[in-house]
**Student:** 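Quick one: the structure is below, questions incoming.
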Amino acid sequence: MNGTFTHKLLKQSLLTTTTHFPFPQNGFTLTSQQCGTMLQSFTNTKSFTKGQQLHAQMTTCGALRDNNYLNTKLAAFYASCGRMAEAQLIFDEIELKNSFLWNFMIRGYACSGCSLKSIALYREMFGFGWKTDKFTYPFVLKACGDLLLVEIGRKVHGEVVVSGLVSDIYVGNSLLAMYSKFGDMGMARMLFDRMLERDLTSWNTMISSYVKNENPKEALAIFYMMGKAGLSVDGTTLLGLLSACAGLMALKPGKALHCYVIRNRAEFSNKFLRNALIGMYSSCNSIAYARRLFDEVKLKDTVSWNSMISGYEQSGDAFESLRLFCKMFTEGAGPDEVTIVTVLGACGSITALQFGTSIHSCLVKKGFCVNTIVGTSLIDMYSKCGTLTCSRRVFDEMPEKNLVSWSAMVAGYGVHGKGREAIAIFHAMIAKNILPDEGVLTSVLSACSHAGLINEGRQIFHRMTTEYNVKPTSAHYSCLVDLLGRAGRLDEAYELIKSMKAIPTSDIWAALLSACRLHQNVNLAEILEQKVFEMNLKGVGSYICLSNIYAAEKRWDDVERVRAMVRRKGLKKPPGCSFVEVDKMVHRFLVGDRSHQQTEYIYSKLEDINQRLKEAGYKPDTSSVFYDVGEEVKEKMLWDHSERLAIAFALINTNPGTTIRITKNLRVCGDCHTVTKLISKLMCREIIMRDIHRFHHFKDGFCSCSDYW
DNA sequence: CTAGGGTTAG
């Protein structure tokens with residue numbers, strides 16, 4: 001093969017060339033054009049090995065020397081296989097680079113995780129004055145979107161407009177995707193609305209983008225527009241819509257989609273949709289439906305398990321979540337990072353410390369990478385299980401921390417009443433130039449409130465707007481009200497609420513009411529009663545609080561009025577429920593529970609403790625019993641409380657001196673708090689109890705909350 | 001050539 005082809009002559013020459021390359025291995029000979037066609041087909045099918053063999057053969061027979069056409073095809077082949085090192089070498093050797101070659105290189109880098117290189121190459125191409133075409137932009141825009149390079153992305157957008165390619169549907173769709181990755185749904189929507197032509201991808205991009213940008217409502221709106229335009233959907237559309245339903249907790253449209261999937265089973269029977277349906281049902285609090293679907297899936301993959309495990313976890317049934325996790329192993333499925341993170345969350349919510357710890361040690365043993373997300377989950381798990389030192393160890397050993405990791409540590413110190421440590425961590429975070437967000441500020445303010453650090457809390461609240469540029473939300477106001485309220489500055493707290501520009505939410509009023517109970521301020525409570533009645537509270541907490549305040553004054557008529565209101569509104573107090581872990585098994589006790597195997601022992605243990613405490617001068621405080629029954633019955637009801645059952649069970653089944661860790665779903669009642677303090681002294685046990693608000697570390701007859709909770 | 005799908009942390 002002699003002679004050098006110039007770019008312009010390339011095509012023509014190929015058509016006229018008759019030179020054949022000998023292929024020694026099989027005796028065939030091929031023309032340059034035939035080689036090119038084969039390369040093209042390997043490029044399209046990403047047949048790397050075959051292409052590589054052809055490359056070797058072409059090198060051996062000298063076909064590549066000075067052959068711009070074949071070298072271009074070869075570079076494109078490597079680029080499409082994601083072998084950018086090989087592609088780049090050939091690319092550098094090619095003198096006459098055409099758009100085809102540039103495009104393949106840009107695509108190769110964009111699709112193999114080197115977006116930055118992809119953009120740089122585009123800049124070079126653009127700078128050389130090469131004509132970009134409709135095949136260039138989709139990848140450049142993808143690269144900008146993936147890297148969140150907003151400025152560069154906008155600039156490229158401008159170049160798209162100048163080039164006149166903006167009306168190309170692929171380019172247009174890529175622009176939509178890019179702006180949605182930037183979180184700029186306004187721009188994406190404007191472009192979408194102005195598109196002359198839209199295909200299914202355009203609609204799907206809008207739907208999944210609205211879902212990702214936490215606007216599921218608009219995602220459904222786009223779907224309705226689609227329906228009006230008489231368009232049909234595909235699997236991608238359905239996945240987006242199912243996520244939207246999950247986000248909106250919209251069971252009805254979710255079910256309708258499920259029906260649609262069933263009716264078109266042939267087309268939509270895939271694991272993605274099955275898992276999305278499981279996720280949708282569990283997000284919509286229809287865990288039983290989710291489970292039914294899950295059980296019907298024959299070939300469960302890790303994601304199926306994860307969806308179901310996290311479904312239980314998020315619907316508050318961590319117990320079942322852990323059971324399913326164990327079942328996962330017996331059925332031969334393997335967990336991944338998502339499983340671990342989900343299960344650690346479940347461990348935290350029911351204080352399964354031994355369970356969580358064994359997962360942690362498995363991770364270490366198996367050399368599983370403890371990355372930021374897993375590390376943060378561990379911090380949270382240990383802190384929720386009452387072992388802050390372990391949280392801190394994980395935190396200190398984490399190679400990379402992000403805002404969430406810092407927040408978890410701040411929140412951990414906070415719920416354990418260690419306000420100073422929480423503030424120290426918060427400031428260490430600031431010193432690392434990490435900008436605080438709403439979440440971490442809520443945690444640090446709540447830490448101040450649990451520890452009674454008034455000045456510090458007020459100072460941080462003030463800095464929110466002046467330094468951190470975070471607008472206080474109702475959660476922050478409620479922390480501050482809580483803080484002032486605990487310190488007895490009820491008037492100041494009330495004034496703060498009145499000074500708010502936004503309408504105070506129910507949790508803010510609840511915080512103030514709770515302070516009224518602590519300081520037994522009946523006058524203010526009477527004023528707040530109206531607020532409590534007006535607001536459509538889903539929980540019964542504020543009513544109980546109000547009732548307790550009146551009960552303490554022995555104003556039984558008022559207690560009855562509050563109780564009547566609860567009945568009228570059809571609210572129910574959720575049953576108290578406590579968890580305690582013994583020998584790697586978590587045991588759950590409901591109030592008055594008699595279902596446990598050891599029930600007889602538990603109740604006789606409680607009777608025994610009751611006797612001993614009474615001898616020591618303990619007098620039951622029945623004021624928190626919400627029901628109108630005789631005093632003796634009330635006293636009995638107190639001894640049925642779930643945390644006492646859990647404590648008694650733990651006392652029976654653990655060695656003397658072992659710390660007892662308990663988690664309760666409600667606030668600990670006054671009498672249980674007193675009794676637990678006494679038990680800690682009487683039985684020489686440290687008892688760490690987490691209630692709905694915070695931790696109580698009981699030791700030697702005292703509690704870390706100093707009786708403010 | 002574009003979206004490309006499901007499950008995860010404060």
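Proteins get letters first, then strands, A, B, ... in listed order; numbering begins at 1 in each. Every heavy atom of this structure was used, including side-chain atoms; hydrogens, water molecules and symmetry mates were not.
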**Student:** So what does A/Arg107 hit on the nucleic acid, given a heavy-atom distance under 4.0 Å: a base, only sugar-phosphate, or nothing?
**Tutor:** sugar-phosphate
**Student:** Using a 4.0 Å heavy-atom cut-off, does A/Asp380 contact any base of the nucleic acid, only the sugar-phosphate backbone, or nothing at all?
**Tutor:**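 It contacts sugar-phosphate atoms only.
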**Student:** Could you tell me whether A/Gly240 contacts a base, only the sugar-phosphate backbone, or nothing, with contacts defined as non-hydrogen atoms closer than 4.0 Å?
**Tutor:** nothing
**Student:** Rounded to whole angstrom units, what separation is found between the CZ atom of A/Phe294 and the C1' atom of B/dT7?
**Tutor:** 12 Å
**Student:** Could you tell me whether A/Phe139 and A/Phe135 have their ring centroids closer than 6.0 angstrom?
**Tutor:**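 No; A/Phe135 has its ring centre 6.0 Å or more from that of A/Phe139.
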**Student:** What's the closest nucleotide to the A/Glu337 side chain, out of B/dA3, B/dC1, B/dT8?
**Tutor:** B/dT8
**Student:** Just checking, is any N or O donor in the side chain of A/Tyr137 or A/Tyr170 under 3.5 Å from an acceptor N or O on the other one?
**Tutor:** no
**Student:** Using a 90° cut-off around 0 for syn, call B/dG5 syn or anti.
**Tutor:** syn
**Student:** When all nucleic acid strands are considered with a 4.0 Å heavy-atom cut-off, which category describes A/Phe139: base, sugar-phosphate, or nothing?
**Tutor:**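 Contact class for A/Phe139: sugar-phosphate only.
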**Student:** Supply the atom-to-atom distance A/Leu149 CG to A/Ile119 CD1, rounded to the nearest 0.5 angstrom.
**Tutor:** 5.0 Å
**Student:** Can I get a per-line list of side-chain donor-acceptor pairs under 3.5 Å for residues 262-273 of chain A, giving both atom names and the distance, sequence neighbours left out?
**Tutor:**
{"from": "A/Asn264", "atom 1": "ND2", "to": "A/Tyr260", "atom 2": "O", "distance (Å)": "2.9"}
{"from": "A/Asn270", "atom 1": "OD1", "to": "A/Phe272", "atom 2": "N", "distance (Å)": "3.0"}
{"from": "A/Asn270", "atom 1": "OD1", "to": "A/Leu273", "atom 2": "N", "distance (Å)": "2.8"}

**Student:** Please determine whether a side-chain nitrogen or oxygen atom of A/Gln314 lies at a distance below 4.0 Å from atom OP1 or OP2 of B/dT8.
**Tutor:**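 Answer is yes, contact under 4.0 Å.
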**Student:** What nucleotide, of B/dA9, B/dG10, B/dC1, holds the atom closest to the side chain of A/Pro138?
**Tutor:**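 The answer is B/dC1.
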**Student:** Would you kindly give the CG-to-C1' distance between A/Asn371 and B/dG10, to the nearest whole Å?
**Tutor:** 15 Å
**Student:** Please tell me which of the listed nucleotides, B/dT2, B/dG4, B/dT8, lies nearest to the side chain of A/Ser208?
**Tutor:**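 Between B/dT2, B/dG4, B/dT8, the one nearest the side chain of A/Ser208 would be B/dG4.
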**Student:** For A/Asp301, answer base if it contacts any base atom (sugar-phosphate contacts may also be present), sugar-phosphate if it contacts only those atoms, and nothing otherwise; contact means non-hydrogen atoms under 4.0 Å.
**Tutor:** base
**Student:** Take atom NZ of A/Lys384 and atom C1' of B/dG10, then tell me their distance rounded to the nearest Å.
**Tutor:** 8 Å
**Student:** For A/Phe395 and A/Trp406, I'd like to know if the aromatic rings sit close, meaning centre-to-centre distance below 6.0 Å.
**Tutor:** yes
**Student:** Whole-Å distance between B/dA9 C1' and A/Glu400 CD?
**Tutor:** 15 Å
**Student:** Checking contacts here: which listed nucleotide (B/dG5, B/dT8, B/dC1) is nearest the side-chain heavy atoms of A/Val338?
**Tutor:** B/dT8
**Student:** Out of B/dT7, B/dT8, B/dC1, which has the shortest distance to the side chain of A/Ser307?
**Tutor:**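 Per side-chain heavy atoms of A/Ser307, the pick is B/dT7.
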**Student:** Go through B/dA3, B/dT8, B/dT7 for me and flag the one nearest to the A/Asp234 side chain.
**Tutor:**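 Nearest to the side chain of A/Asp234 among the choices is B/dA3.
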**Student:** Looking only at side-chain atoms of A/Phe135, point me to the closest of B/dC1, B/dT2, B/dG10.
**Tutor:**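 Looking only at side-chain atoms, A/Phe135 lies closest to B/dC1.
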**Student:** Is the A/Trp102 to A/Phe91 ring centre distance short of 6.0 Å?
**Tutor:**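 Here the rings of A/Phe91 and A/Trp102 have centres that are less than 6.0 Å from each other.
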**Student:** Taking only side-chain N and O atoms of A/Ser310, does any of them lie within less than 4.0 angstrom of OP1 or OP2 on B/dT8?
**Tutor:** yes
**Student:** Checking the side chain of A/Ser321 only, and the main-chain atoms of A/Asp317 only, is there a donor and an acceptor separated by less than 3.5 Å?
**Tutor:**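 Such a contact is absent between A/Ser321 side chain and A/Asp317 backbone.
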**Student:** Write down the distance between OH (A/Tyr413) and P (B/dG10), rounded to a whole number of angstrom.
**Tutor:** 18 Å
**Student:** A/Thr236 side chain: which of B/dT2, B/dA9, B/dA3 is closest?
**Tutor:**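 The answer is B/dA3, which lies nearest to the side chain.
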**Student:** Rounding to a whole Å, what distance do you find between A/Trp203:CH2 and B/dG4:P?
**Tutor:** 18 Å
**Student:** Establish whether the base of B/dG10 is bridged to the side chain of A/Asp437 by a donor-acceptor pair shorter than 3.5 Å.
**Tutor:**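 Yes, the side chain and the base share a sub-3.5 Å donor-acceptor pair.
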**Student:** Take the protein atom CG of A/Leu200 and the nucleotide atom P of B/dA3, then report the distance between them rounded to whole Å.
**Tutor:**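 That distance rounds to 14 Å.
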**Student:** Quick one: label A/Lys212 by what it contacts on the DNA or RNA (base, sugar-phosphate, nothing), any heavy atom closer than 4.0 Å.
**Tutor:** sugar-phosphate
**Student:** Compare the minimum distances between each of B/dA9, B/dA3, B/dC1 and the side chain of A/Tyr170, then state the nucleotide with the smallest one.
**Tutor:** B/dC1
**Student:** To the nearest angstrom, how far is A/Met185 atom CE from B/dA3 atom C1'?
**Tutor:** 12 Å
**Student:** With sugar-phosphate meaning primed atoms plus P, OP1 and OP2, does A/Asn402 contact a base, only sugar-phosphate, or nothing at under 4.0 Å between heavy atoms?
**Tutor:**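 A/Asn402: base contact, heavy atoms under 4.0 Å.
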**Student:** Please determine, for the side chain of A/Ala408, which listed nucleotide (B/dG10, B/dT2, B/dT8) has the closest atom?
**Tutor:** B/dG10
